[in-house]
Amino acid sequence: MDGELIREILSNKSGQFEQVKISPIVKFLITGLVTHEGKKWVNHKRIISPAFHLRRLKVVFARIGVGADQDLIKMVFDLL
């Protein structure tokens, strides 16, 4: 996916950008930030944005790394 498009979507606070048209069946089955438009999109983006703040992502990725290290060590010892 185009990095500039992602940046525009994530930085756009007004919700005023053209979204890809989704079939009604898909829209019924999948709801969320991708399918919302206008004020509803702005409200949902405001709710989820703090979860993707760099400070929080660093903590999440550090924990994932620790977990992966522990799994790797366990796997190596299981092989011995």
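The model shown is predicted, which means the values in this text are computed figures rather than measured ones.
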Pick one: which of Arg55, Arg56, Arg63 meets side chain to side chain contact (heavy atoms under 4.5 Å, CB included) with Val59?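 Only one option passes, and that is Arg63.
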Between Ile64 and Leu72, is there shared hydrophobic-cluster membership here, with clusters defined by ILVMFWY side-chain heavy atoms closer than 4.5 Å?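 No, Ile64 and Leu72 fall in different hydrophobic clusters.
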Could you tell me whether the side chain of Arg46 reaches within less than 4.5 Å of the side chain of Val42, counting heavy atoms only?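 Yes, close enough: below the 4.5 Å cut-off.
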Apply side-chain contact (heavy atoms from CB on, under 4.5 Å) to the pair Gln70 and Val66, showing each step before the final yes or no. CA-CA 6 Å; Gln70 291 171 349; Val66 168; 3.7 Å; yes
